[in-house]
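Quick notes on the structure that follows.
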Amino acid sequence: MDRFSWSNGLLEINETLVIQQRGVRLYDGDDKAKMDVGAVLLSTHRLIWRDVKNQECCISMPLSLIIFFEEQAAGIGKSAKIVIHLHPAAANKEPGPYQNSKYSYIKLSFKEHGQIEFYRRLTEEMTRRRWEEKPVSQTSPVGPQAGRTRAVGIVGIERKIEERRKETDKNISEAFEDLSKLMEKVSLVFTKWCFNQQAKEMVEVSRSIANKIKDKQGDISEDETIRFKSYLLSMGIANPVTRETHGSGTHYHLQLAKQLGDMLQAPLEERGGMMSLTEVYCLVNRARGMELLSPEDLVNACKMFESLKLPLRLRVFDSGVMVVQLQSHSEEEMIASALDSVTDKGSLTAEEFAKLLGLSVLLSKERLLLAEKMGHLCRDDSVEGLRFYPNLF
Amino acid sequence: MSFEWPWQYSFPPFFTLQPNVDTRQKQLAAWCSLALSYCRHHRLYTLDVMEAQESPVFNNKKIERKLSMEAIQVVFEELRKKGNLEWLDKNKSRCLVMWRRPEEWGKLIYQWVSKNGMNNSVFTLYELSNGDDTQGEDFHGLEEWMLLRSLQALQTDGKAEIISMDDGKGVKFF
């Protein structure tokens with residue numbers, strides 16, 4: 001505890017607050033410190049503790065004193081703790097509540113939880129060691145002779161993006177010399193990105209590659225484009241519409257609907273023109289990978305199909321089951337096929353029909369009910385279950 | 001002569017009330033005609049709903065299907081609407097089945113009377129339903145309440161007049 005000094009609780013100019021947690025009691029080694037419960041603050045430079053009642057009572061300690069720290073799980077009647085092992089205090093230290101201590105460690109006892117997050121942030125700060133960073137000021141030389149300039153502010157971010165773009169561009173133009181080489185390269189880039197970068201950045205790369213492909217379409221054969229595209233798609237939608245890119249509300253749903261229209265066409269054709277909304281939800285979110293859709297957004301986007309004149313429709317059956325179907329997917333055809341199957345077999349349950357068509361039971365039942373509604377089928381509801389017969393009445 | 005079942009009788013959906021309106025209408029029509037022809041074949045004039053459920057009409061043991069109580073009520077109600085059935089109590093547990101409506105019976109009787117040139121003669125009700133002269137006629141053996149109803153129908157048409165006699169009722173045809 002003797003490492004702490006009295007503090008006014010204010011942050012230095014370059015110091016920023018990382019996390020704050022209420023209800024923390026300090027321990028001098030294994031003994032409770034004489035102070036009451038308070039709030040502990042983690043900044044980029046210091047660990048600060050402030051009394052909850054007496055705001056004047058505030059102490060701090062530089063992070064550089066920390067050797068290592070560990071978690072101590074909560075027990076019966078015991079709060080979770082973080083044990084922090086410390087270097088000896090500097091000789092010219094400001095005075096603090098303790099003149100000396102027999103312990104070389106302190107404990108933070110979290111009465112109101114939050115230790116997990118705090119531990120995580122502390123770990124982060126200890127690896128980043130931001131207290132060592134010199135403040136960017138006139139003293140640091142700026143210019144080409146300084147080598148790689150430190151990126152700060154929006155300009156810095158832009159510069160970083162530019163650099164990254166150049167790198168990927170280089171990779172791409174190299175890769176286009178040989179498509180097989182490209183495949184390797186991309187998979188390499190992807191794996192690398194997957195492990196190192198955020199998913200959003202990964203999507204960015206795939207988008208830029210997709211654009212490049214579009215531009216150079218003439219140079220590579222259709223077949224290869226398709227192969228490459230399917231490769232991209234298995235990794236995810238190249239450029240998912242997100243709330244960040246398209247704002248909220250109607251506009252977002254409109255864009256989303258357009259994208260859904262593109263990506264659902266093929267799977268729908270494969271599945272006989274109709275998919276339950278649940279199935280669509282799974283498929284879409286699997287393709288999106290990280291930028292997941294909420295069920296609500298999906299429904300709202302699907303409702304836009306009609307006004308956008310897309311070849312898809314959201315359809316709600318009488319039972320409330322919702323499906324997405326191709327517009328070309330005609331009802332008469334569906335009913336006729338249901339009638340054919342039933343006539344063929346004499347009678348069918350929804351389960352048998354599902355097996356016959358390779359559809360989900362839910363959807364096959366909807367088809368049978370529809371055919372019944374149109375008067376082509378009739379039902380036999382007995383202890384053996386619901387069977388459908390051709391309507392002979 | 002055994003009763004000839006219609007094809008629907010061995011069609012399992014026949015025993016489930018169909019939700020589709022059009023289909024249900026046809027189904028009910030088939031049920032009505034089956035119920036009436038069955039009663040006619042067995043010369044049944046009254047039916048008990050509980051018993052009806054167990055009777056072969058509504059219970060096909062061969063295909064293990066029977067019409068539910070509610071569905072039977074629906075069929076009976078349909079028959080009532082067509083004038084072929086009358087409830088005997090408020091609980092709708094017993095009913096009269098008129099596989100020929102009173103007017104139809106009346107017509108049959110009047111035809112027989114005219115054919116035999118017995119207009120302006122007087123008959124007792126017993127004579128009509130159980131007399132030797134009517135042997136072989138459809139209305140022979142008709143239950144008295146039904147006979148009376150038919151004659152009342154004729155009376156409203158002005159073709160007969162029911163008269164009270166010392167030991168019951170009689171009728172005079174015009």
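Sequence lines set the chain letters: A, B, ... in the order given, protein chains first and strands last, and positions in each chain run from 1. The analysis underlying the following values was restricted to heavy atoms, covering all of them including side chains, and did not include hydrogens, waters or symmetry mates. Computed from a predicted structure; not experimentally measured.
Your options are A/L392, A/D381, A/V383, and the one with the most heavy-atom pairs under 4.5 Å with chain B is A/L392. Note: B/P19 leads B/A30, B/S68, B/P19 in heavy-atom pairs under 4.5 Å with chain A.
Heavy atoms closer than 4.5 Å to chain B are found in the side chain of A/N391, but not in its backbone. Interface remark: B/Q8 contributes side-chain atoms only to the contact with chain A (heavy atom separation under 4.5 Å). Only the side chain of B/F11 comes within contact range of chain A, with at least one heavy atom under 4.5 Å from a heavy atom of that chain.
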Where do B/R40 and B/R100 land on the side chain to side chain contact (heavy atoms under 4.5 Å, CB included) test, with the steps shown first? CA-CA 9 Å; B/R40 169 190 256 158; B/R100 264 200 196 118; 3.5 Å; yes

Mind running side chain to side chain contact (heavy atoms under 4.5 Å, CB included) on A/S319 and A/L369 for me, showing each step along the way? CA-CA 10 Å; A/S319 57; A/L369 289 176; 5.6 Å; no

List the steps and the verdict of side chain to side chain contact (heavy atoms under 4.5 Å, CB included) for A/L368 and A/T349. CA-CA 9 Å; A/L368 290 171; A/T349 62; over 6 Å; no

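Annotation: side chain of A/L339 is not in contact with side chain of A/F388 (no heavy-atom distance under 4.5 Å). Between A/H253 and A/D297 the shortest side-chain heavy-atom distance falls below 4.5 Å. Within the 4.5 Å cutoff, the side chain of A/L348 has no heavy atoms near those of the A/L377 side chain. Between B/P12 and A/R387, the closest side-chain pair of non-hydrogen atoms is not below 4.5 Å. At a threshold of 4.5 Å between non-hydrogen side-chain atoms, the residues B/W5 and B/L34 count as touching.
Ring geometry, B/F123 versus B/F173: the interplanar angle exceeds 60°, so the pair is classed perpendicular (tilted spans 30 to 60°).
Within residues 83-95 of chain B, no residue has any heavy atom less than 4.5 Å from a heavy atom of chain A. Scanning residues 301-315 of chain A against chain B with a 4.5 Å heavy-atom cutoff picks out nothing at all.
Side-chain rings of B/F58 and B/W31 approach one another, their centers coming within less than 6.0 Å.
Using a 4.0 Å cut-off between charged nitrogen and carboxylate oxygen, A/K355 and A/E352 do not count as a salt-bridge pair.
Between B/Y38 and B/L44, the shortest heavy-atom distance links the atoms CE2-CD1, 4.1 Å.
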